Engineer: 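Would you mind keeping the following structure in view while I ask a few things?
Every number for a ligand or one of its atoms is a count from 1 in the order of the listing. This structure is a prediction, so every number in the text was calculated from the model and none was measured.
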Amino acid sequence: MSIRIPDPGKPVIAILTTSDRLRQFRGNRRNFRDIIRTGKDMGYLVYVVTVRDLKLEDKVVSGYVPSASGKLWYSIPMPLPQVIYNRIPNRDDEEKALVARKISECLMHPDIHLYNPHFFNKWHLFEWLKESRATSKHVPKTRRLRSANTLIAMLKNHDSLYLKPENGKAGKGIMRLKYRSDTSLPYRLQIQSGKKNVTYKAASIDRLWARIGKEKGASRYIVQQAIGLATYHGRPFDLRALLQKNGRGAWAVTGIGARLAGARSITTHVPRGGSIEEPANMLEGTFGEERTAAILKNVPTTALLIARQIERASETMLGEMSMDLGVDEDGGLWFFEANSRPMKFDEPAIRKLSLERIFQYSQHLSRQSK
Ligand SMILES: Nc1ncnc2c1ncn2[C@@H]1O[C@H](COP(=O)(O)OP(=O)(O)O)[C@@H](O)[C@H]1O
Ligand SMILES: [Mg+2]
């Protein structure tokens, strides 16, 4: 088979992932298919490439494209990309020596643009956002969880805390701790497990710390002030923003959705019983129409400030991120986390624009010299 000829004036784009012995490559195939289809419609040559197959010294690399039905993936010779969309699927893969080396080779390559080089670490995000006055007011009080003393210190000012793994996602490993002085078992630890959560009650901080240790194992954790979130029919919800750079290379809000917590969940994740909702619907019950409009006007401004500060402080080039924001009972906005490998948004309008922006930003990048 002969090599595909790209459209002149349009960059060749590769979706970067890791190889898999059984499935050719890792990552969300449906997402990759959507990206490739959108790129094709917009006139771009785009394919999936594994870290192993991306040989920067060669002119031709072996890339994957889906069959017409989308069920099979063919390996085809492709020209080296000018832009790399990084979808290394998880931190374990990202930390492998071969992967880390390839990422830094791409970053140093004179003609290849790679953005979002790394996953974010939750602790770093809070450190970065505390550095700027404009963003620090949206950051819950957060510390690294090193010992029971950290908990004691945090409980002095906050009677409810969230414990979260620094490298967590999708609610995995999240716990909530409440202190109630009026009972003999004052420490209540809620541990998320599947769609439900189990509660452990402890009489002493030592007992509590032992139980937390069992749960967190060797993972690093942060402990954070719990924000009293606004609720909808008694359930907390949060806002999820997708930010991407546009065709001019400027940060823009692609869309804002809402996620409503499942009945017995301490987080709002859809796999844990949460649901996708319309932000205005979530807010109007608590805030009424006028205040809801004011809050919703604030969200993009705040999210953009946060995105710019994260990019600046990370000292890497970023092109997209998703962000979880909480709304407290007074309508204040709180940052919970940002993700450098956003999962796909299921709201159709957000999804469509998010796919197009990948190519608009790639086009912008290809016009820049490194
Ligand atoms: N400090 C907090 N106060 C109130 N709710 C929180 C807090 N931290 C997290 N949550 C809830 O838990 C969810 C998951 O937390 P997050 O930090 O996004 O972890 P994950 O990486 O697992 O998604 C948030 O979307 C929010 O609903
Ligand atoms: Mg989250």
Side-chain angles (χ1 to χ4, degrees), residues 89-91 119-130 136-145 150-151 154-155 157-179 189-197 215-216 219-232 234-243 256-277 279 282-283 299 303 306 310 321-330 332-345:
N90 58 60
R91 291 184 164 87
F119 278 92
F120 297 141
N121 163 296
K122 283 213 169 82
W123 172 246
H124 294 155
L125 288 170
F126 289 96
E127 289 274 283
W128 295 339
L129 294 175
K130 273 190 279 186
S136 63
K137 59 170 178 258
H138 300 289
V139 173
K141 177 87 183 129
T142 306
R143 292 183 58 175
R144 249 183 171 145
L145 181 57
T150 322
L151 287 181
M154 288 287 284
L155 284 172
N157 297 315
H158 310 284
D159 52 18
S160 181
L161 301 172
Y162 268 78
L163 280 53
K164 311 194 273 194
E166 284 179 25
N167 292 332
K169 66 163 196 185
K172 201 166 171 284
I174 294 191
M175 298 178 256
R176 188 168 66 185
L177 174 63
K178 285 191 179 169
Y179 181 77
L189 184 69
Q190 286 174 285
I191 303 166
Q192 174 125 289
S193 108
K195 290 187 184 182
K196 298 208 193 102
N197 61 72
E215 208 56 43
K216 76 182 197 49
S219 314
R220 280 169 173 266
Y221 264 67
I222 57 169
V223 52
Q224 184 168 82
Q225 155 195 14
I227 303 299
L229 294 176
T231 57
Y232 176 85
R235 296 186 195 181
F237 61 88
D238 45 40
L239 301 179
R240 216 149 268 198
L242 180 62
L243 293 106
I256 294 162
R259 302 289 180 270
L260 179 64
R264 275 190 285 288
S265 180
I266 57 174
T267 70
T268 55
H269 301 98
V270 174
R272 302 194 185 277
S275 56
I276 297 175
E277 305 291 344
M282 297 291 95
L283 294 161
V299 177
I306 292 174
I310 290 175
M321 68 177 76
S322 61
M323 209 180 276
D324 296 343
L325 297 167
V327 182
D328 67 24
E329 286 140 349
D330 304 319
L333 290 177
W334 294 91
F335 171 87
F336 292 143
E337 74 155 343
N339 202 303
S340 71
R341 302 276 187 286
M343 293 214 276
K344 66 190 193 62
F345 276 56

Engineer: Go through the structure and list residues passing side-chain hydrogen bond (donor to acceptor under 3.5 Å, both in side chains) with Arg240, not counting sequence neighbours.
Structural biologist: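 Checked Arg240 against side-chain hydrogen bond (donor to acceptor under 3.5 Å, both in side chains); matches are Thr268, Asp324.
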Engineer: Number of protein N/O/S atoms less than 2.8 Å from the Mg ion (ligand 2)?
Structural biologist: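 Protein N, O or S neighbours of the Mg ion (ligand 2) under 2.8 Å, waters not counted, come to 2.
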Engineer: Among residues at least two apart in sequence or on other chains, which ones pass salt bridge (charged side-chain N to carboxylate O under 4.0 Å, His left out) with Lys130?
Structural biologist: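 Applying salt bridge (charged side-chain N to carboxylate O under 4.0 Å, His left out) to Lys130 gives Glu127.
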Engineer: Run Asp328 and Trp334 through side chain to side chain contact (heavy atoms under 4.5 Å, CB included) and show every step you take.
Structural biologist: CA-CA 7 Å; Asp328 67 24; Trp334 294 91; 2.8 Å; yes
Engineer: May I ask you to decide if Phe335's main-chain N or O and His138's side chain share a donor-acceptor pair within less than 3.5 Å?
Structural biologist: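 No, the answer is negative, given that no donor and acceptor are paired below the 3.5 Å cut-off.
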Engineer: For the side chain of Arg143 and the backbone of Leu151, is there at least one donor-acceptor N/O pair under 3.5 Å apart?
Structural biologist: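 No; zero donor-acceptor contacts below 3.5 Å.
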Engineer: Looking at Glu166 and Arg144, is any side-chain nitrogen of the basic one under 4.0 Å from a carboxylate oxygen of the acidic one?
Structural biologist: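 Between Glu166 and Arg144 there is a salt bridge, with a charged N closer than 4.0 Å to a carboxylate O.
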Engineer: Considering only N or O atoms, set out every pair between ligand 1 and the protein closer than 3.5 Å, with distances to one decimal place.
Structural biologist:
residue, atom, partner, partner atom, Å
ligand 1, 1 (N), Gln224, OE1, 2.9
ligand 1, 1 (N), Gln225, O, 2.8
ligand 1, 3 (N), Ile227, N, 2.9
ligand 1, 8 (N), Lys164, NZ, 2.9
ligand 1, 8 (N), Gln224, OE1, 3.4
ligand 1, 17 (O), Lys164, NZ, 2.8
ligand 1, 18 (O), Asp324, OD2, 2.8
ligand 1, 18 (O), Glu337, OE2, 2.9
ligand 1, 19 (O), Lys122, NZ, 3.4
ligand 1, 21 (O), Lys122, NZ, 2.6
ligand 1, 21 (O), Gly168, O, 3.4
ligand 1, 21 (O), Glu337, OE1, 3.1
ligand 1, 21 (O), Glu337, OE2, 3.0
ligand 1, 22 (O), Ala170, N, 3.4
ligand 1, 22 (O), Gly171, N, 2.6
ligand 1, 23 (O), His269, NE2, 2.7
ligand 1, 23 (O), Glu337, OE2, 2.9
ligand 1, 25 (O), Asp238, OD2, 2.5
ligand 1, 27 (O), Asp238, OD2, 2.4

Engineer: Apply the test side chain to side chain contact (heavy atoms under 4.5 Å, CB included) to residues Lys216 and Leu163: give CA-CA distance (whole Å), side-chain angles for both, the deciding distance (0.1 Å), then the verdict.
Structural biologist: CA-CA 9 Å; Lys216 76 182 197 49; Leu163 280 53; over 6 Å; no
Engineer: Quick one: does Asn197's side chain have a donor or acceptor within less than 3.5 Å of a partner on Arg264's backbone?
Structural biologist: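 Yes, the answer is positive, given that a donor and an acceptor are paired below the 3.5 Å cut-off.
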Engineer: Does Trp123 offer a backbone N or O that forms a donor-acceptor pair with the side chain of Asn121 under 3.5 Å?
Structural biologist: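 Flag set: sc Asn121 to bb Trp123 pair under 3.5 Å.
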